[in-house]
A.B. asks: 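Handing you this structure, nothing more for now.
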There are 2 protein chains.
Amino acid sequence: MKKYTPISIGDIAKALNVSPSTVSRALKNHPDISEATCRKVQEYAREAGYRPNVLALGLKHRRSMTIGIIIPEIVHHFFSSLLSGIEDLAYGKGYRVMICQSNEDYLREVINVKALMDHRVDGLLVSISKSTLDYNHFREVLSHEIPIVFMDRICDELPTDRVVTNDYEGARMMVKHLLKRGCRSILHLAGPQHLCVGRERYRGYQQALREYRVPLRDELILRCDTPAKIDKSAHQLLSLVDEIDGIFAVNDFSAVAAMRLLQKNGYTIPGQIAVAGFGDDPLASLVKPMLTTVEQRGYDMGREAARLLINRLAGEGETAYQTKVFPAFLKVRDSA
Amino acid sequence: MKKYTPISIGDIAKALNVSPSTVSRALKNHPDISEATCRKVQEYAREAGYRPNVLALGLKHRRSMTIGIIIPEIVHHFFSSLLSGIEDLAYGKGYRVMICQSNEDYLREVINVKALMDHRVDGLLVSISKSTLDYNHFREVLSHEIPIVFMDRICDELPTDRVVTNDYEGARMMVKHLLKRGCRSILHLAGPQHLCVGRERYRGYQQALREYRVPLRDELILRCDTPAKIDKSAHQLLSLVDEIDGIFAVNDFSAVAAMRLLQKNGYTIPGQIAVAGFGDDPLASLVKPMLTTVEQRGYDMGREAARLLINRLAGEGETAYQTKVFPAFLKVRDSA
DNA sequence: TTTATTTCCGCAAACGATTGCGGTATGGTT
DNA sequence: AACCATACCGCAATCGTTTGCGGAAATAAA
């Protein structure tokens, strides 16, 4: 197996006794080049397996045909669905993707942004980390005229396209569903309120209660959006459990964790307490009872985000920024 | 927000009235450059936010400091764990990753290989697609002296490093566990036999039976490695169910699908039929009864694969190829 | 003062591709 | 015969960085 370096335009030129410029033009059927030469060059290129060096192209054109992606954690099903959607669409349009995970860490996110900028990505697809409180790293990106599309965990204050689920409406519908079932004391396991996702779902919760004229009680709001935090707050949660008849969690993981905790302590679901989640993670249909939740189309959102970004890259940004809102669908199962 | 193009070495040179070569050397403390000049250049570079253009670097050095990854599907937990492990390690060593999914499609895999080669990746991390039967695209990569590390779905016939779980041993242990429980007619839901993973797990199954002097019966081997295929073979499976007392599935998804099918038809698990899977997907501990399975450390395997690849890239390939075998651990839960 | 040695820096080519501009044939017009 | 247009192609600069080599200036040795 002998070493075989990729062939360049110069190599073709030498072999065919023409100049590199002629080869370059011949390969793209430039009218200046005779048909005969074009054929000769293209044939040779094909047989020699010529493939343009994207690094050289990127250097010349100052764009790399790659899209940078930053997401909190690849292993979460929602994010890997996003990725999958992005990847499928981007590849179809000739773009490659470069993926980073922030691990919910602000510093890592900043480093990721730098790394992707170093690689001269043409645009960024971002879902913000939980610990991110300022957006200067993104502002910097935008100042370089690199477009960003935020997905799900968006940033309100930056001029970008966005792709989100209708969190407000989804939460509102879900809580109304709980109310319709007869729940009147609904605990909300809330996400971080600096993230729009957490805020919007909380707003939906509030609105539903208002519509049913159920008073809002602050002590029924618990900042708990991971199983770990549920465990830590187990005591507090159990002390509340006798005065509630429903739980609306900001995501499926904490919903399931809460469900487990309650079941372990002898409560029946949905008999004594109804439980609802958000996101329709695969685990939702696997647990007993099956979790009632709100569907969130990760794959489609990813595709749409990639589409928005690539359109903007093509259109040179003349159009106004848009926020694509995906409708939320109730998935009523057994837990509520 | 005004446009701000990234600054180059030439810009620094002009600003400081020195040559680009001097700047380049000063930035890396080359002994030819006076301490004063070094300081001056580095200071200016820092303040101007200079960041080297990796495209130009890649063009010059003929390497891009990026690793190409091809996996079947990002949304499978095992693969996203792999990714996560790779990403964490690679970033620590200054490498970026470029990820492609083959969607279990041979043609897509070939295209992915080409795309990654076009991007002049320094090495490849690959988990082969199910529909891949020939390896010429990988051979081509190796002929360019681009190293590959195969992960989990490896290729025997190519000279590369590999990272696998001890599939044989895991399967053997699991089937022996079933036998110890008293099972004597164990159905095997097998994977494609052209994949080593499928072959090795089948071998483990056979060996365990031999050790217990239980005759091997061909009619108890079903090529079924996805829920969809289980559904399609439901009839056949149900026709066998009365003469079996255990199922060993090549992965957790088909194990759970089979479990569901049996439960729906009134069979109790593990009472009448014990069911075991492979992989310890998150779903394993969510289903009822909780699935007994074999643990597979995706994250660690990913890290190890990245480590092997980066070492080889650094060491210029003087060492012999190695196959890192991760031990398999039984996760005995409730289903068997 | 001449020669040898350091010290410090710049020129220019190279990586692979693109592109404006200019140049040489060839043929056709007057 | 002199002129113009057209068809076809090459030169050289450019993107940003690296690096071998050579050269100037300063210092040391003879």
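Within every chain, numbering begins at 1; the chains are lettered A, B, ... in the order of the sequence lines, protein sequences first and strands thereafter.
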A.B. asks: Identify the 5'-most and 3'-most nucleotides of DNA chain C with at least one atom closer than 4.0 Å to a non-hydrogen atom of chain B.
C.D. replies: C:dC8 to C:dG16

A.B. asks: Of all the heavy-atom pairs spanning B:V164 and B:T323, show the shortest one and how long it is.
C.D. replies: CG2-CG2, 4.1 Å

A.B. asks: Using 4.0 Å as the upper bound for N to carboxylate O, is an ion pair formed by A:D88 and B:R108?
C.D. replies: yes

A.B. asks: For A:F138, check ring-ring contact (aromatic ring centres under 6.0 Å, His included) against everything at least two apart and list the hits.
C.D. replies: A:F150

A.B. asks: Under a 4.0 Å N-O cut-off, is there an ion pair linking B:R51 with A:D118?
C.D. replies: yes

A.B. asks: With sequence neighbours excluded, what pairs up with B:E157 under the side chain to side chain contact (heavy atoms under 4.5 Å, CB included) test?
C.D. replies: B:Y135, B:R139, B:C155

A.B. asks: For the helix from C:dT1-D:dA30 to C:dT30-D:dA1, what angle lies between the axis at the first five pairs and the axis at the last five pairs, to 10 degrees?
C.D. replies: 80°

A.B. asks: For B:P31 and A:L57, take the nucleotide of DNA chain C holding the closest heavy atom to each; which residue's nucleotide lies nearer the 5' end?
C.D. replies: B:P31

A.B. asks: Would you classify B:S8 as touching base, sugar-phosphate or nothing, given that sugar-phosphate means primed atoms plus P, OP1 and OP2, and contacts are heavy atoms under 4.0 Å?
C.D. replies: sugar-phosphate

A.B. asks: By nearest heavy atom, map B:T37 and A:L27 onto DNA chain C; which one lands nearer the 5' end?
C.D. replies: B:T37

A.B. asks: Under 4.0 Å, heavy atoms only, any strand: does A:R62 hit a base, just the sugar-phosphate, or nothing?
C.D. replies: sugar-phosphate

A.B. asks: Going 5' to 3' along DNA chain D, between which two nucleotides do contacts with chain A fall, using a heavy-atom cut-off of 4.0 Å?
C.D. replies: D:dC8 to D:dG16

A.B. asks: Indicate, with a heavy-atom threshold strictly under 4.0 Å, whether B:V18 touches base, sugar-phosphate, or nothing.
C.D. replies: sugar-phosphate

A.B. asks: Under 6.0 Å from the six-membered ring centre of B:Y91 and within 45° of its axis: does the NZ or CZ of B:R96 meet both?
C.D. replies: yes

A.B. asks: Ion pair present between B:E109 and B:K130, side-chain N to carboxylate O less than 4.0 angstrom?
C.D. replies: no

A.B. asks: Starting at the 5' end of DNA chain D, which residue's closest nucleotide do you reach first, B:D32 or B:L59?
C.D. replies: B:L59

A.B. asks: Please enumerate all residues that pass ring-ring contact (aromatic ring centres under 6.0 Å, His included) together with B:H137, with sequence neighbours excluded.
C.D. replies: B:Y106

A.B. asks: Quick one about B:N29 and B:Q42 (side-chain donor to acceptor, distance below 3.5 Å, no hydrogens or angles considered), yes or no?
C.D. replies: yes

A.B. asks: Apply salt bridge (charged side-chain N to carboxylate O under 4.0 Å, His left out) to A:E43 and A:R46, showing your working.
C.D. replies: CA-CA 5 Å; A:E43 192 169 319; A:R46 197 166 32 74; 5.0 Å; no

A.B. asks: Please answer whether the main-chain N or O of A:D32 pairs with a side-chain N or O of A:H30 as donor and acceptor at a distance below 3.5 Å.
C.D. replies: yes

